[in-house]
Amino acid sequence: MMKTALTIAGSDSGGGAGIQADLKTFQELGVFGTSAITALTAQNTVGVQGVFPASTEALEAQITSVLDDIGADSVKTGMLFDSERIEITASFAEKGRLPALVVDPVMVSTTGAELLKEEARSTMTEKLFPHASLITPNIPEAEMITGMSGSSLQIRKEMARELLKYGSEAVLLKGGHEPDAATITDILFDGAEFHYLSVEKIETKHTHGTGCTYAAAVAAFLAQSKSMKDAVFAAKQFIHQAILHAHSVGEGAGPVHHAAHRTADKPFIKMEVEQT
Ligand SMILES: Nc1ncnc2c1ncn2[C@@H]1O[C@H](COP(=O)(O)OP(=O)(O)OP(=O)(O)O)[C@@H](O)[C@H]1O
Ligand SMILES: Cc1ncc(CO)c(N)n1
């Protein structure tokens, strides 16, 4: 039977991030995707022109409709907008209804738009993170959550340790925002081992939707019962191919190419492991 994955996230009218990226990713990876929309964004490659939250009733009803009938083998969250919508999502998690939960702690879009109210950050870390199998912050999000700053490997290892204290099973600290790096390293930490996934940086401005697509790919592989390490490694291959072949659509940061994995060569991902 086909595996299913649910995304709880915002809609990106531009088609590159949010719900649209997640559903494309699920489809590409052979998982049946469902969605619960937290907010509509009027968005394109140059920015976010408007944010229109879905009512709390609408969010709760969507999640209920999906879970009562179709169910979910894994769940991914993206833009959650505010504390109320996080609390609704967390209430399903508390009842054990959001298995293999991947939380992408989306806060601010690449173009600077606020996708999570500032007051809601602690709600996310305290109410949702403890139910997550994996959280996937980028460097600025990790800095905001931990209050630490810097991007050296040593500091990022310490950040990963701090982030794990919120109660998720594992942390994937993404390196896409490493300044001036020729090599980009993502760190996966589960309390026992650090896994370093390194790639050569791709020189491109077309990175719209990278974070959403990566987290959705992990969720798709978890739905197919891969281990966390294997799911993250396979998702990293998928996102790397998608960035390499990103579309030059619009005037700004174009969207990654979700179907690139069908024809692209397998990228070289260096994986190193360090025991704690
Ligand atoms: N220029 C690049 N070359 C290679 N890999 C990249 C590049 N930019 C981002 N990545 C990879 O893409 C994935 C997403 O990382 P990133 O840190 O950009 O997430 P994000 O900031 O949450 O994404 P978004 O831009 O969607 O908000 C990571 O695996 C990261 O290493
Ligand atoms: C709806 C939405 N979710 C997430 C992101 C982050 O990439 C975005 N730009 N838009």
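Ligands are counted one by one from 1 in listed order, and the atoms in each one are counted from 1 as well. Owing to the predicted nature of the structure, the values given are computational and were not obtained by experimental measurement. If you read the sequence from its start, that first residue is 1, and numbering goes on from there.
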Legend entry - Salt bridge present between Arg161 and Glu158 (N-O < 4.0 angstrom):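 The answer is no: the pair does not qualify as a salt bridge.
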Legend entry - Cys212, portion touching ligand 2 at heavy-atom distance under 4.0 Å: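 The side chain, only.
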Inset, instruction - Answer side chain, backbone, both or neither: which part of Val48 comes under 4.0 Å from ligand 2, heavy atoms only. - result: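 Answer for Val48: neither.
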Legend entry - Closest to atom 12 (O) of ligand 1 among Thr204, Ile243, Thr136 (heavy-atom distance):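 Going through Thr204, Ile243, Thr136 one by one, Ile243 has the nearest heavy atom to atom 12 (O) of ligand 1.
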Inset, instruction - Pick out which of Lys117, Lys127, Glu119, Arg121 makes a side chain to side chain donor-acceptor pair (under 3.5 Å) with Ser83. - result: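 Answer after filtering Lys117, Lys127, Glu119, Arg121: Glu119.
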Would you mind listing which atoms of ligand 1 come within a distance below 4.0 Å of any non-hydrogen atom of [X]?
{"X": "Thr110", "answer": "25 (O), 27 (O)"}
{"X": "Gly211", "answer": "19 (O), 20 (P), 22 (O), 23 (O), 24 (P), 26 (O)"}
{"X": "Lys174", "answer": "14 (C), 15 (O), 17 (O), 19 (O), 20 (P), 22 (O)"}
{"X": "Lys236", "answer": "11 (C), 28 (C), 29 (O), 30 (C), 31 (O)"}
{"X": "Gly209", "answer": "26 (O)"}
{"X": "Tyr214", "answer": "13 (C), 28 (C), 29 (O)"}
{"X": "Ile184", "answer": "2 (C), 3 (N), 4 (C), 5 (N), 6 (C), 7 (C), 31 (O)"}

Legend entry - Value rounded to 0.5 Å, distance of OG1 in Thr276 from NZ in Lys157: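 Reported value, rounded in 0.5 Å steps: 9.0 Å.
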Mark yes or no for whether [X], through its side chain, and [Y], through its backbone, hold a donor-acceptor pair below 3.5 Å.
{"X": "Thr25", "Y": "Ala217", "result": "no"}
{"X": "Asp190", "Y": "Ala170", "result": "no"}
{"X": "Arg85", "Y": "Ala54", "result": "yes"}

Inset, instruction - Report the C-alpha separation of Gln237 and His261 in whole Å, then their side-chain angles, then the decisive distance to 0.1 Å, and conclude whether the side-chain hydrogen bond (donor to acceptor under 3.5 Å, both in side chains) test is met. - result: CA-CA 8 Å; Gln237 291 192 318; His261 73 110; over 6 Å; no
Legend entry - Residue, atom name and distance, where the atom is the protein heavy atom closest to atom 5 (C) of ligand 2: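 Here the nearest protein heavy atom works out to Leu115 CD1, 3.6 Å.
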Legend entry - Shortest protein heavy-atom distance from atom 10 (N) of ligand 2, along with the residue and atom involved: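 Here the closest protein heavy atom is Gln43 NE2, 3.1 Å.
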Inset, instruction - Among Thr213, Val256, Val218, find the one that has a side chain to side chain contact (heavy atoms under 4.5 Å, CB included) with Phe238. - result: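 Passing option: Thr213.
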Legend entry - Contact summary for Ala215 and Asp104, nearest pair of heavy atoms: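 That closest heavy-atom pairing would be CB-CB, 4.1 Å.
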Inset, instruction - Decide whether an N or O pair under 3.5 Å exists between His240 and ligand 1. - result: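 It does not: no N or O of His240 is found under 3.5 Å from an N or O of ligand 1.
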